Undergrad: 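Take this structure first; my questions come after.
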Number of protein chains: 2
Amino acid sequence: METYRGPDGWEILGDPSRRAIVECLARRPRAVGELAEELPISRPAVSQHLRVLKDAGLVDDEAAGTRRVYRLNPAGVSALRDQLDMFWQRTLRGFEEIVENEEQA
Amino acid sequence: METYRGPDGWEILGDPSRRAIVECLARRPRAVGELAEELPISRPAVSQHLRVLKDAGLVDDEAAGTRRVYRLNPAGVSALRDQLDMFWQRTLRGFEEIVENEEQA
DNA sequence: CCAATCGGTAAGTTGTAACTTACCGTTCGT
DNA sequence: ACGAACGGTAAGTTACAACTTACCGATTGG
């Protein structure tokens, strides 16, 4: 089915668990198990989400003994932010013209 | 499955067809059939997306003969925008502190 | 070493959202 | 009044993403 393609920023942050992980990592870096404790999902599920976030460049990971610490990647975050902003710019340009026209009526 | 709940802004704009519709309506109001012509999906599919967008307060519709013209609802759009911004604010607060700390190292 | 901790991966399930086709009511022009 | 255009809705399918459990390798401490 899938009409268009590409795991863009919307698809990445479209998942609530992923957003929770991002917010969590924004406060401080965490190991996988720590994240799982704070979320209502299993550790493997967290692992899979982290994979998506890492592929998207949103997080970096670092081995620390048997643990693996994940942290937000500032560059990735701001890139994603920019990507989403583009949608609003495209949408709101042209749109404000319409609003102005209608407010005359 | 679904861990959290609520058709929030992310779920609404998470769908590419819906984003395309919003961008389309941002340029100018359109009838359902017109939208369907510009999109690679059927007219009923468009109708269903419009329902979601209308329930979310993102679009308004107006009967015009046998046709029904949809247009973006400015208030809804800006409300949605604000909702998404809240995520970034929550995320980026606390996060910039971390970035600053790391840039010292 | 051995046991324990930690995390990634494989495999399988399952709910759901995005579509389709088919149908029906409404509006309008002639 | 009839046919055509238009759009909403019902019903069914289907692809997929988000989970789960089970397993396995790697690291570490005693």
Side-chain angles (χ1 to χ4, degrees), chain A residues 1-25 28-72, chain B residues 1-25 28-72:
Chain A
M1 266 141 205
E2 272 306 322
T3 308
Y4 304 86
R5 271 296 58 198
D8 56 10
W10 291 102
E11 318 227 1
I12 290 163
L13 290 185
D15 181 80
S17 298
R18 232 127 54 199
R19 284 199 302 277
I21 289 174
V22 168
E23 287 193 55
C24 218
L25 292 180
R28 63 186 123 99
R30 316 214 178 221
V32 180
E34 290 175 311
L35 281 168
E37 280 174 10
E38 305 203 22
L39 297 174
I41 58 179
S42 70
R43 189 191 48 73
V46 171
S47 227
Q48 288 157 11
H49 284 305
L50 285 171
R51 159 103 90 155
V52 173
L53 294 173
K54 187 177 178 186
D55 287 347
L58 265 183
V59 302
D60 288 326
D61 57 332
E62 177 191 6
T66 79
R67 311 198 315 155
R68 183 156 283 263
V69 176
Y70 282 81
R71 70 187 66 246
L72 239 45
Chain B
M1 263 143 207
E2 273 303 322
T3 307
Y4 305 85
R5 267 298 57 197
D8 55 10
W10 291 102
E11 317 227 0
I12 289 163
L13 291 186
D15 182 81
S17 297
R18 232 128 53 199
R19 284 199 301 278
I21 289 173
V22 168
E23 288 193 56
C24 219
L25 292 181
R28 64 187 122 100
R30 311 208 181 228
V32 180
E34 289 175 311
L35 280 168
E37 279 173 11
E38 306 204 20
L39 297 174
I41 58 179
S42 69
R43 189 192 47 74
V46 172
S47 227
Q48 289 156 11
H49 284 305
L50 285 171
R51 159 102 91 155
V52 173
L53 294 173
K54 187 179 179 185
D55 287 346
L58 265 182
V59 302
D60 288 325
D61 58 333
E62 178 191 5
T66 80
R67 312 197 316 155
R68 183 157 283 263
V69 176
Y70 282 79
R71 70 187 66 246
L72 240 45

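Side chains are part of it too, since the values below use all heavy atoms of this structure and drop only hydrogens, waters and symmetry mates. Letters go in sequence order (proteins before strands), and every chain restarts at 1. All values derive from a computational prediction rather than experimental measurement.
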Undergrad: Does the A/R18 side chain pair with the main chain of A/V52, one donor and one acceptor, at a distance under 3.5 Å?
TA: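 Between the backbone of A/V52 and the side chain of A/R18 there is no qualifying donor-acceptor contact (under 3.5 Å).
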Undergrad: Nearest to the side chain of A/A31, which nucleotide is it out of C/dG7, D/dG8, C/dT9?
TA: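 Closest nucleotide among those given: C/dG7.
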Undergrad: Looking at CG of B/L72 and CG of B/L53, how far apart are the two atoms once the value is rounded to the nearest 0.5 Å?
TA: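 CG of B/L53 is found 8.5 Å from CG of B/L72.
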Undergrad: Is there a side-chain polar atom (N or O) of B/S42 under 4.0 Å from OP1 or OP2 of C/dC19?
TA: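 Looking at the OP1 and OP2 atoms of C/dC19, neither is under 4.0 Å from any side-chain N or O of B/S42.
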Undergrad: Give a yes/no on whether any side-chain N or O of A/H49 is located under 4.0 angstrom from OP1 or OP2 of D/dA17.
TA: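 For A/H49, the contact criterion (side-chain N or O under 4.0 Å from OP1 or OP2 of D/dA17) is not met.
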Undergrad: In whole angstrom, what separates B/E34's CD from D/dG7's C1'?
TA: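 Going from CD in B/E34 over to C1' in D/dG7 covers 13 Å.
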Undergrad: Rounded to the nearest angstrom, tell me the gap between atom CG in A/D61 and atom C1' in C/dG7.
TA: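 Nearest whole value for this atom pair: 11 Å.
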Undergrad: So, OP1 or OP2 of C/dG8: does either fall under 4.0 Å of a side-chain N or O from A/Y70?
TA: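 True: A/Y70 side-chain N/O within range (under 4.0 Å) of C/dG8 OP1/OP2.
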Undergrad: What's the CD-P distance between B/E11 and D/dA17, to the nearest Å?
TA: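 Distance check: B/E11 CD to D/dA17 P gives 15 Å.
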Undergrad: If you measure from the Lys or Arg side-chain nitrogens to the Asp or Glu carboxylate oxygens, is any gap between A/R43 and A/E37 under 4.0 Å?
TA: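 No, no charged N to carboxylate O under 4.0 Å.
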Undergrad: Where the side chain of B/P44 is concerned, which of D/dT20, D/dT9, D/dG7 is the nearest nucleotide?
TA: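 The listed nucleotide nearest to B/P44's side chain is D/dT9.
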Undergrad: Once you round it to whole Å, what is the distance between P of D/dA18 and CG of A/L50?
TA: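 Going from CG in A/L50 over to P in D/dA18 covers 13 Å.
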Undergrad: Dump the pairs, protein N or O against N or O of nucleotides 28-30 of chain C, anything under 3.5 Å, distances to one decimal.
TA:
none

Undergrad: Ignoring hydrogens and geometry beyond distance, is the side chain of A/R43 in donor-acceptor contact with the base of C/dG8 at under 3.5 Å?
TA: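 Such a pair is found, so the answer is yes.
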Undergrad: In this structure, how many angstroms lie between the P atom of D/dC16 and the CG atom of A/D15, rounded?
TA: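 Rounded to whole Å, this separation is 17 Å.
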Undergrad: Could you please name the option among C/dG7, C/dT9, C/dT20 that lies closest to any side-chain atom of B/I41?
TA: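 Nucleotide nearest to B/I41's side chain: C/dT20.
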Undergrad: Within the distance-only criterion (no hydrogens, no angle test), does the side chain of B/R67 pair as donor or acceptor with the backbone N or O of B/A31 below 3.5 angstrom?
TA: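 Pair absent, no side-chain N/O of B/R67 close to backbone of B/A31.
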Undergrad: Without decimals, in angstroms, what is the distance between B/D8 CG and C/dA17 P?
TA: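 These atoms are roughly 12 Å apart.
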Undergrad: What is the distance, to the nearest angstrom, from the CD1 atom on B/I21 to the P atom on C/dA18?
TA: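 Atom CD1 in B/I21 sits about 11 Å away from atom P in C/dA18.
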Undergrad: Heavy atoms from C-beta onward define the side chain here; which of D/dT9, C/dC19, C/dG7 lies closest to that of B/S47?
TA: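 Given the options D/dT9, C/dC19, C/dG7, the side chain of B/S47 is closest to D/dT9.
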Undergrad: Under the 3.5 Å rule, do the base of D/dT20 and the side chain of A/Q48 count as making a donor-acceptor pair?
TA: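 Indeed there is one.
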Undergrad: Given C/dT9, D/dA18, C/dA18, which nucleotide is nearest the side-chain atoms of A/R18?
TA: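 Of the options given, the side chain of A/R18 lies nearest D/dA18.
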Undergrad: Do the charged groups of A/R71 and A/D60 touch, with an N to O distance under 4.0 Å?
TA: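 Salt bridge: no.
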Undergrad: Rounded to whole angstroms, how far apart are CG on B/L35 and P on C/dC19?
TA: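 Rounded to whole Å, this separation is 14 Å.
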Undergrad: Kindly compute the distance separating CG (A/L39) from NE2 (A/H49), expressed to the nearest 0.5 Å.
TA: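 Reported to 0.5 Å precision, the distance equals 8.5 Å.
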Undergrad: Please check if the side chain of A/R19 supplies one atom and the backbone of A/L13 the other of a donor-acceptor pair under 3.5 Å.
TA: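 Here the side-chain-to-backbone pair exists.
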Undergrad: Tell me whether A/D61 is salt-bridged to A/R51, with the criterion being a basic N under 4.0 Å from an acidic carboxylate O.
TA: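 The answer is no: the pair does not qualify as a salt bridge.
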Undergrad: Can you say whether a donor on the side chain of B/R68 sits under 3.5 Å from an acceptor on the base of D/dG7, or the other way round?
TA: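 Such a pair does not exist between side chain and base.
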